Number of protein chains: 2
Amino acid sequence: MKTTDTRLKILDTAQELIQKLGVNAMSYADISTAVGIRKASIHYHFPSKEDLLVSLLERYTPSFFRLVDSILESSESAEIKLRRYCGLFEATLSSGEQDKVCLCGMIGAEVKTLSSSLTKQITHFFQENEIRLTKLLTQGKDEGVFSFSGETEAMAKLIFSLLEGELLIARVHGDVTHFKVVVEQLFQLVKA
Amino acid sequence: MKTTDTRLKILDTAQELIQKLGVNAMSYADISTAVGIRKASIHYHFPSKEDLLVSLLERYTPSFFRLVDSILESSESAEIKLRRYCGLFEATLSSGEQDKVCLCGMIGAEVKTLSSSLTKQITHFFQENEIRLTKLLTQGKDEGVFSFSGETEAMAKLIFSLLEGELLIARVHGDVTHFKVVVEQLFQLVKA
DNA sequence: TATTTTCTATCTACTAGAAGGTAGACGAAA
DNA sequence: TTTCGTCTACCTTCTAGTAGATAGAAAATA
């Protein structure tokens, strides 16, 4: 098997396991079993768990923002764009056995057990989301489809925290509808 | 030392450790060191980790709702009550070294590594919060101090997810202000 | 009251298994 | 013939959890 194939399989599997169980409940042995490769081979590709986490975030963050930016750059209304943005989070929750949350949300919860360089990567992910949401909201206000009082930046922060929080809560309830209800309520609040 | 004293110390320490590090990153050895007692003594009071978690939630949930209910039963305006409710979450974040989140938020993130009876306890905590927020919002609408479109129940869900999410996010940023900004924005949205 | 017994909470010492990680052999491909 | 990716075998440390000794307090008995 090619290097890149194994590497990818390891990253995919590790990501799924972390989104489901968290960093500290996931082990090299788990990945080993799921991928069908020996633990030592995983250490060949990712010498330490920290290396694996860094690589995971270096892949996840740009790939997530490619999706977000393709939404932002489309020619749709700000309302549709925001719906599609929220849809990215809902897709994570709905996928598979409805047992996964945002990778960065999960790692964010465990931040106090991780290195400062990982903390920086998570902070960066959060900030970039707020920046893009601010853009989106500004566009919506300019178009006249969004209307709400307060600062646009504060609203962006609020929306992002609500989405990350809902992912956790809806999963505990085992109820994707819970997520959808909150997103609909969000639209009630921002719609002009 | 009296039984109850040691038991309390163990519970207090375990709670702090979980709020900071999470269930899976906290060990009996950690508690042992912090309390100044041997591991075996902790197992005497709480035979298994599951027992400890159950006891922790059986203490945390009613004690949290005692605080919430004392706010709800006060004679203040709904706005003040909501501020004080949000203040409970902010207090957790602000306390100590600003490294703790809601116990149930943290355990909620790790829910897929835990027993179904613990999942039920977390679900219950979330639902009871939504019920109380719904009451509070209804009072505010009746008083005329709150005004927002959409269902009151959906708004309650939205507020709770936003608070749990903000706790995680603001901690990663190491910035209590981030939390305060979002709470202020919430008031912009609900105020009449 | 004095003594014995039982109970309680702690301790030391241990187990088995899982964790992250390493050394070095080996086969295939470049 | 060197490099690459995988393997087996192993190490150390940590994990939850157990067995059994012990000291002191409480309760029962003489």
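Keep in mind it's a predicted model, so treat the numbers as computed, not measured. Lettering follows sequence order; numbering is per chain, from 1. Note that these values count all heavy atoms, side chains included, but never hydrogens, waters or copies made by symmetry.
Taking atom OH of B:Tyr44 as the reference point, atom P of D:dG20 lies 18 Å away to the nearest angstrom. Rounded to whole Å, atom C1' of C:dA19 lies 15 Å from atom CG of A:Leu21. Rounded to whole Å, atom P of C:dC11 lies 13 Å from atom NE2 of B:His43. The CZ atom of B:Arg38 sits 14 Å away from the P atom of C:dC14 (whole-angstrom rounding). The interatomic distance linking A:Ile31 (CD1) with C:dA19 (P) rounds to 11 Å, in whole Å. We find that CG of B:Asp51 is positioned 10 Å from P of D:dT18, with the value rounded to whole Å. For the pair B:Lys39 NZ and C:dA13 C1', the interatomic distance rounds to 11 Å; values are reported in whole Å. At whole-Å resolution of the value, NZ in B:Lys9 and P in C:dT10 are 10 Å apart.
For A:Ser48 and C:dG20, the shortest distance from a side-chain N or O to OP1 or OP2 is not below 4.0 Å. Look at B:Ser27 and you won't find any side-chain N or O under 4.0 angstrom from OP1 or OP2 of D:dC14.
Remark: B:Lys141 qualifies as a cation-pi partner of B:Phe148 under the 6.0 Å distance and 45° angle criteria applied to the six-membered ring.
In the interface, the side chain of A:Lys49 is not paired with the base of C:dG21 through any donor and acceptor atom under 3.5 Å apart.
With distances taken from any side-chain atom of B:His45 to the nucleotides C:dT10, D:dT18, D:dC7, the minimum falls on C:dT10. When the nucleotides C:dG21, C:dT10, D:dG17 are ranked by their closest atom to the side chain of B:Thr6, C:dT10 comes out on top. Of the candidate nucleotides D:dT15, C:dC11, C:dT22, C:dC11 has the atom lying nearest to any side-chain atom of B:Ser41. For A:Ala40, the side-chain atoms get nearest to C:dA23 when compared with the rest of C:dG20, C:dA23, C:dT10.
With rounding to the nearest 0.5 Å, the separation of CD1 in B:Ile169 from CD in A:Glu130 is 7.0 Å.
Counting all heavy atoms, side chain and backbone alike, B:Ala192 lies closest to B:Gly144 at CB-O, 3.3 Å.
Shown here is B:Glu151, whose CD atom has no more than 12 heavy atoms of other residues, nucleotides or ligands within 6.0 Å.
Checked against B:Asp69 for a salt bridge (Lys or Arg N to Asp or Glu O under 4.0 Å), the options B:Arg84, B:Arg132, B:Lys81 give a single hit: B:Arg132.
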